[in-house]
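This report refers to the structure that appears directly beneath it.
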Amino acid sequence: MRGLMSNKNLLISSLIEHSSEYHGSTEIAHRLSNGKIEKTNYAETNIRTKKLAKSLTNIGVNIGDTLGTIAWSNIRHLELYYGISGIGAVCHTINPRLFKEQLIFIINDARDKLLFVDLDFLELISDITNNINCVEKIIFLCNQEELPKQHNIKQDLIAYEDLLNQSGTPIDEWPDFDESTASSLCYTSGTTGNPKGVLYSHRSTMIHTLAAANPDALNISSTDVIMPIAPMFHANAWGIPYIANMVGAKLVLPGRHLDGKSVYDILHQEKVTFTAAVPTIWLMLFDYLDKTKKKIEFLQRCVIGGSACPKFMIEEFHKKYNVEVIHAWGMTETSPLGTVNRPLHKHLSFSQEKKYDLATKQGRPIYGVKIKITNDNGDLLPHDGKAFGNLWVKGPWICSGYLNVSHSDTHDNNGWFLTGDVASIDEDGFMLITDRVKDVIKSGGEWISSIQVENIAVGHEKILEAAVIGAKHKKWDERPLLLVVKGENIEKSEIFDFLENKIAKWWMPDDIVFIEKLPHTATGKIRKVELKKKYENYLINLHTKSDES
Ligand code: AMP
């Protein structure tokens, strides 16, 4: 017997419809590249988005067409999120920090018909225009007067505001279609090989949105002022622009500048209560706050993910600024939320120190997600908080394959996706990531967690950033080598002393190298492949030299 409930499709357009109807006057603040903050609200944004939808239909965009965006987190990008997906086309958010060859590859692979581009990327587009063969028009996110006059772009150029106004009036109703229709597309950052396309659907996005806002997930409500710092080109800004519309919270889009001062200014001016970003953003903010002695006033919760959040960051946010860190784990392939660290009832009576320790874990699966760990033979490993192995994930917003890839080695027949992360899971389901599989250090057959050593090292007040890699070793195959970016002058011996008793003796790095800065990927992770290439023979060379002398 079938239930007698409305079978309404779960469509992304319903989010903006809801926010405009029930939170119409709620503000959206957005910062332009020149630093100016402008304001609009959900009702106005809905009207502009519906105009965009009509114009796109008028110029021949059809359901299933893929339209690319190369833009910061700004209001026009938000309109594109809803305007493109709302008519059944696919909003392909492109990470401008990828290498040019990767950009060319993904635009052609996705077969983007139109590209919507922030003016800041004029040079970038000019460099790749001759190598992209599917794009018919480039729409710059600007007014007619701002449109570049001199350029070498071979595609037709249109100003976004002209396109938007072409239709004159908004569409009457958002179209209805199957909720499994593709809605948006994001390529993985591809540290090795070409990036791979992850194609989200309306259904997956909507269920993710419903699950992610909950108190035991990101805990967002209409009383919040939320600012995703995770860019709109990285896994849909972690789903936050969708959640904002669902709960009707004031939304703040920070735009291009994300250095410590810029982040502080907008947090402060817009009285942001909730934000989300990778750890490097917070290192820059802490540095700014230390130098200026300023205080964070309004922020209550801060989601940290994308890379492991070090314990010192959780402590500093809490002790100095009274901000609660919510440590979360996810991937482009997981929409992105997989696990979130929220305490259980029994943890409420923990000492503060034990609470900090717990918070360094990446958390438990939110409703809808399942996780498991296996050894290299595929055997299940126990959830005892000790055993660690390959992490798999499954659920309605986890990808089941990649765009234009007929066979994926990382998907099995039962819906499990092999993440490439190494983790342990404890009895309560709290997961701890120890490494990416390719970054694991194997010393004498035993694994050393580079992430754990790094996180302790960055807790030293004179260290800005740290990376641990496995360097080749004659006797042990690999030994940890610590690469450090100094904040202040510091001797190696101080760092060794600091690490002592905080890590197992045999995890102690064989040496420390001071470097100017660490290379980062397009999504803010340390580019370990590059470091490994440069430093993998460091210890061998060192020992050879000392043998000779
Ligand atoms: P991306 O698809 O670019 O978002 O990268 C996903 C990868 O980022 C994951 O597979 C992890 O390796 C890493 N990652 C994300 N969140 C965390 C976290 N909280 N701790 C450690 N690594 C993380």
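Comment: Lys355 does not engage Glu324 in a salt bridge, judged by the lack of any side-chain N to carboxylate O separation of less than 4.0 angstrom. Using a 4.0 Å cut-off between charged side-chain N and carboxylate O, Arg31 and Glu270 make no salt bridge. The residues Arg256 and Asp118 are annotated as not salt-bridged, no charged nitrogen and carboxylate oxygen being separated by less than 4.0 angstrom. Look at Asp421 and Arg436 and you find a salt bridge, because one of the NZ, NE, NH1 or NH2 atoms lies within 4.0 Å of a carboxylate O, short of that distance.
Between Asn131 and Lys100 the shortest side-chain heavy-atom distance does not fall below 4.5 Å. In this structure the side chain of Arg342 reaches within 4.5 angstrom of the side chain of Asn219, judged on heavy atoms. Side chains of Thr360 and Asn455 form no contact here, defined as non-hydrogen atoms less than 4.5 Å apart. Residues Cys186 and Asn236 are not in side-chain contact: their nearest non-hydrogen atoms beyond the backbone lie 4.5 Å or more apart. Under the 4.5 Å side-chain criterion, counting only non-hydrogen atoms from C-beta, Leu115 is in contact with Ile94. At a threshold of 4.5 Å between non-hydrogen side-chain atoms, the residues Val303 and Ile240 do not count as touching. By the 4.5 Å heavy-atom criterion applied to side chains, Trp507 and Ile441 are not counted as neighbours. Contact check for Trp72 versus Leu141: no side-chain heavy atoms found under the 4.5 Å cut-off.
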**Request:** Go through the steps to decide whether Phe317 and Ile304 satisfy the test side-chain contact (heavy atoms from CB on, under 4.5 Å), and finish with yes or no.
**Result:** CA-CA 11 Å; Phe317 257 128; Ile304 303 186; 4.0 Å; yes

**Request:** Please assess Asp510 against Leu542 for the test side-chain contact (heavy atoms from CB on, under 4.5 Å), listing each intermediate value before the final yes or no.
**Result:** CA-CA 11 Å; Asp510 273 24; Leu542 196 71; over 6 Å; no

**Item:** Residues Trp416, Ile398; criterion side-chain contact (heavy atoms from CB on, under 4.5 Å); working and verdict
**Value:** CA-CA 9 Å; Trp416 287 99; Ile398 312 298; over 6 Å; no

**Prompt:** Checking side-chain contact (heavy atoms from CB on, under 4.5 Å) for the pair His460/Glu494: CA distance, chi angles, key distance, verdict?
**Reply:** CA-CA 9 Å; His460 195 292; Glu494 281 181 71; 4.3 Å; yes

**Request:** Please assess His318 against Tyr356 for the test side chain to side chain donor-acceptor pair (under 3.5 Å), listing each intermediate value before the final yes or no.
**Result:** CA-CA 9 Å; His318 183 242; Tyr356 292 144; 2.8 Å; yes

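To the nearest 0.5 Å, atoms CD1 (Ile296) and OH (Tyr264) are separated by 8.0 Å. Rounded to the nearest 0.5 angstrom, Ile226 CD1 and Leu251 CG are separated by 5.5 Å. Rounding to the nearest 0.5 Å places CG of Asp112 at 8.5 Å from CD1 of Ile70. For the atom pair NZ of Lys294 and CG of Leu267, the computed distance is 12.0 Å after rounding to the nearest 0.5 Å. Interatomic distance, CG of Asp412 versus CZ of Phe417, reported as 11.5 Å (0.5 Å rounding). Atom OG1 of Thr280 and atom CG of Leu464 lie 12.0 Å apart (nearest 0.5 Å).
The number of heavy atoms from other shown groups lying within 6.0 Å of CZ (Phe496) is above 12. Surrounding CD of Glu353 are more than 12 heavy atoms belonging to other residues, nucleotides or ligands, all under 6.0 Å away. Around atom NZ of Lys462, more than 12 heavy atoms belonging to other residues, nucleotides or ligands sit under 6.0 Å away. Annotation: Glu491, atom CD; neighbour count of heavy atoms from other residues, nucleotides and ligands within 6.0 Å does not exceed 12.
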Between side-chain atoms of residues 387-395 and protein atoms elsewhere (two or more places apart, or another chain), which donor-acceptor pairs fall under 3.5 Å?
unit_1: Asn390; atom_1: ND2; unit_2: Asp376; atom_2: OD1; d: 3.0
unit_1: Trp392; atom_1: NE1; unit_2: Thr374; atom_2: OG1; d: 2.9
unit_1: Lys394; atom_1: NZ; unit_2: Asn414; atom_2: O; d: 2.9

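Using a 3.5 Å distance cut-off with no hydrogens or angles, the side chains of Asp511 and Tyr538 do pair a donor with an acceptor. Donor-acceptor pairing under 3.5 Å is recorded for the side chains of Ser443 and Arg479. At a cut-off of 3.5 Å, with distance as the only test, no side-chain donor of Lys196 or Ser408 sits close to an acceptor on the other residue. Using modelled atom types, one finds no donor on one side chain facing an acceptor on the other under 3.5 Å when comparing Trp447 with Asp435. Counting only N and O atoms by type, the side chains of Asp120 and Ser33 include a donor and acceptor under 3.5 Å apart.
When all heavy atoms of Ser307 and Pro279 are compared, the pair lying nearest together is O-CG, 3.7 Å. Among all heavy-atom pairs drawn from Gln269 and Ile37, the shortest one is OE1-CD1, 3.3 Å. Across all their heavy atoms, Val468 and Ser450 have their closest contact at O-CB, 3.4 Å. Heavy atoms only, all atoms of each residue included: His411 and Cys399 are closest at NE2-O, 3.0 Å. In plain terms, the two heavy atoms of Leu283 and Met313 that are nearest each other are CD2-CE, 3.6 Å. Of all the heavy atoms in Ala110 and Leu403, the pair that sits closest is CA-CD2, 4.3 Å.
For the side chain to side chain donor-acceptor pair (under 3.5 Å) with Glu465, the lone residue among His520, Lys486, Lys517 that qualifies is His520.
Between the side chain of Thr209 and the main chain of Ile243, no donor-acceptor pair closer than 3.5 Å is present. Formation of a donor-acceptor pair under 3.5 Å by the Asp426 side chain with backbone atoms of Phe430 is found in this model. Listed for the His383 side chain is no donor-acceptor partner under 3.5 Å among the backbone atoms of Ile425. With Ser73 contributing its side chain and Leu253 its backbone, the two residues share no donor-acceptor pair below 3.5 Å. With Thr129 contributing its side chain and Ile153 its backbone, the two residues share no donor-acceptor pair below 3.5 Å. Side-chain atoms of Asp224 do not come within 3.5 Å of backbone N or O of Thr273 as any donor-acceptor pair. Trp238 contributes no side-chain N or O that, together with a main-chain N or O of Gly306, makes up a donor-acceptor pair within less than 3.5 Å. In this structure, Glu478 contributes its side chain and Lys442 its backbone to a donor-acceptor pair below 3.5 Å. Between the side chain of Thr275 and the main chain of Met227, a donor-acceptor pair closer than 3.5 Å is present. A donor-acceptor pair is defined here as one N or O able to donate and one able to accept, closer than 3.5 Å; no such pair exists between the side chain of Lys271 and the backbone of Phe298.
Classified by interplanar angle (parallel below 30°, tilted 30° to 60°, perpendicular above 60°), the ring pair Tyr187/His92 is tilted.
Taking the six-membered ring wherever Trp is involved, the centroid distance between the rings of Phe116 and His77 does not fall below 6.0 Å.
For Lys502 and Phe498, the positive end sits near the middle of the six-membered ring, less than 6.0 Å away and at most 45° from its axis.
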